[in-house]
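Below is one structure, written out as structure tokens; comments come after it.
Quick caveat: nothing in here was measured; it's all calculated off a predicted structure.
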Amino acid sequence: MTPERLSTGNISLSLSNGNLVGMTTSRDKVEEIWAQLEYYTMIPENTEIFLRSKGITANIKIQKISKELTAYIQQAKNFFTYAQNSDYRSSPLLYYYSFLNLAKAKIIIEHPEYAGKKFKHGMYRKIESGKLARRTLGVRKTRPSLKSIEVFNELYNIKYGSFLPEEKSLNIKDLMGYVSDVSQEYTRIFGKTSKISGVKYYLMYDSQRRKSWTTLAIHNAGKFNNYRSTFKDFFDDFEPVDISSLTRNTTFGISGFMTPWYSFYQSKTEYDFIGTDGLSIWSHDYQLKNLIGKYFQYSVYDQTNGFEMLEPLNSTRRVPMDETLSIYACMYYISEIVRYDPESLNSFLSDKTKDGWILKSFIESSSSTFLIRMASWIIGDDHVLETR
């Protein structure tokens, strides 16, 4: 294994798709998130400025989209509030309708031409029984000739620039692997580790050589060896390194008993200093985003992680998926059981079964994670939240 390069200093960095904004609040975190959304959608002058910043400049379009946007956010908040005050056996239906309205808000911002059109779920529950591991969802893609929009696949297309194939199914077990709130439950029930790996991201530099490079500590990185072709660009440029105990403890803050869970990598690429002593932080971010591509997301809660690296959906369908879309799809599936299959509802959600145990945890914990991720996606800032 390659030894680490000697550095004279380091900087901890965070990788983000937007502007990373730290939010510290003394009130309920959910209330704070809704306040952020309402700032952009409930105050007319702010809404106009916001929509113009998204490239919507025609006054007629702004007026039309503003009305829809305000309505979607208000409905989303109402459904979310009702869900919080409901039993977990009925709240998935309310949570899903909150999610749906947030999704519609995102879609009309990105596609103003869709304002006024009919929205459909874009998914359907496949009628299957038995263990949760066997349950699947089908997806539908919007047809240009139709006047309705299939929400889920439109969201996927906005996120990744392509649609999911309609002939394929989404397995609930695969989707649950992206939900950080039930990562421990997921491991216990399915015997698999979470599809999310926290990454500590440091820019290392050598003042004598006037060079900088990237060093990463990736949690449970072994799983990515199963996807060497998917992450070929990353593994071509990042080499595994033998990190000293001093660097491990003082730079990465990883204690001895946690070391086996981490693998360390440094970039082969180095960047020259800018001017006298400037560091090209942008170059390091750009490098990582290019190498990891669609398989990263920012960290919502854990500020010790610079970002999170994601597995593909599964070994046979190597397509990207993230926490936002996974929570959305799983909540839709459970809402369908609540709405259309009441006779099996109690057994499906029974906390006396393993499947019911993870589903109860998912319903009660993942909604606020979805809300902050979706709100950040709508606004264009990536919010990291901590309670004061």
Side-chain angles (χ1 to χ4, degrees), residues 18 23 25 27-44 46-47 50-51 54 56 62 64-88 90-112 114-123 148-156 158-159 179 181 300 322-336 338-339 362-383 385:
M23 293 171 55
T25 177
R27 64 176 173 176
D28 180 78
K29 61 187 177 184
V30 169
E31 291 180 7
E32 183 67 31
I33 299 165
W34 285 118
Q36 294 292 315
L37 281 169
E38 289 174 334
Y39 175 80
Y40 290 99
T41 61
M42 305 300 287
I43 303 172
N46 290 349
T47 306
F50 173 63
L51 292 177
K54 299 298 182 181
I56 303 169
I62 287 175
K64 183 175 183 179
I65 294 170
S66 293
K67 291 179 181 178
E68 286 196 31
L69 188 60
T70 299
Y72 289 149
I73 297 301
Q74 193 60 62
Q75 286 188 56
K77 182 180 179 182
N78 290 340
F79 278 122
F80 199 97
T81 302
Y82 298 146
Q84 286 184 298
N85 297 320
S86 300
D87 183 83
Y88 78 93
S90 57
S91 62
L93 184 58
L94 298 169
Y95 276 130
Y96 170 67
Y97 276 110
S98 175
F99 296 179
L100 177 63
N101 278 284
L102 290 171
K104 289 190 284 187
K106 176 62 179 176
I107 289 171
I108 65 166
I109 290 170
E110 298 297 326
H111 293 286
Y114 290 169
K117 288 197 174 185
K118 182 179 180 181
F119 289 92
K120 294 186 176 180
H121 302 299
M123 297 177 285
S148 60
I149 307 302
E150 305 288 356
V151 170
F152 179 76
N153 226 345
E154 284 295 332
L155 277 184
Y156 190 91
I158 290 171
K159 175 77 74 171
V179 183
D181 297 286
V300 173
D322 73 351
E323 186 165 35
T324 309
L325 294 169
S326 293
I327 294 175
Y328 185 95
C330 289
M331 195 65 78
Y332 167 78
Y333 185 89
I334 303 170
S335 77
E336 288 288 282
V338 172
R339 183 164 45 172
F362 168 81
I363 294 165
E364 293 179 336
S365 64
S366 68
S367 56
S368 59
T369 300
F370 175 86
L371 179 60
I372 188 172
R373 286 200 180 279
M374 194 68 198
S376 295
W377 196 15
I378 290 170
I379 294 169
D381 293 333
D382 290 339
H383 289 93
L385 190 66

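- Taking every heavy atom of both residues into account, Lys54 and Ile379 meet most closely at NZ-O, 3.2 Å.
- Without hydrogens or angle criteria, Asp322 side chain to Leu325 main chain gives a donor-acceptor distance under 3.5 Å.
- Side-chain atoms of Thr47 come within 3.5 Å of backbone N or O of Tyr40 as a donor-acceptor pair.
- Checked against the 6.0 Å centroid criterion, the rings of Phe152 and Tyr332 do not qualify as a close aromatic pair.
- Of the possible polar contacts, none joining the Ser335 side chain to the Pro92 backbone as a donor-acceptor pair under 3.5 Å is found.
- For the pair Thr324/Leu155, no side-chain contact is recorded, criterion being any heavy-atom separation below 4.5 Å from C-beta on.
- Remark: the backbone N or O of Tyr39 is paired with a side-chain donor or acceptor of Asn46 at under 3.5 angstrom.
- Note on ring orientation: taking the six-membered ring where Trp is involved, the planes of Phe370 and Tyr328 are tilted (angle from 30° to 60°).
- No side-chain donor-acceptor contact under 3.5 Å links Lys29 to the backbone of Ser368.
- Side-chain atoms of Lys104 do not come within 3.5 Å of backbone N or O of Ala115 as any donor-acceptor pair.
- Within the 4.5 Å cutoff, the side chain of Glu323 has heavy atoms near those of the Asp181 side chain.
- Note: Gln36 CD to Thr41 OG1 = 11.0 Å, rounded to the nearest 0.5 Å.
- Remark: side-chain polar atoms of Ser376 are paired, donor with acceptor, to backbone N or O of Asp381 under 3.5 angstrom.
- Aromatic ring orientation, Tyr95 versus Phe80: perpendicular (interplanar angle above 60°, classes split at 30° and 60°).
- Counting heavy atoms from C-beta on, the side chains of Glu154 and Lys106 never come closer than 4.5 Å.
- Contact detail for Ile108 and Glu68: the closest heavy-atom pair is CD1-CB, 3.8 Å.
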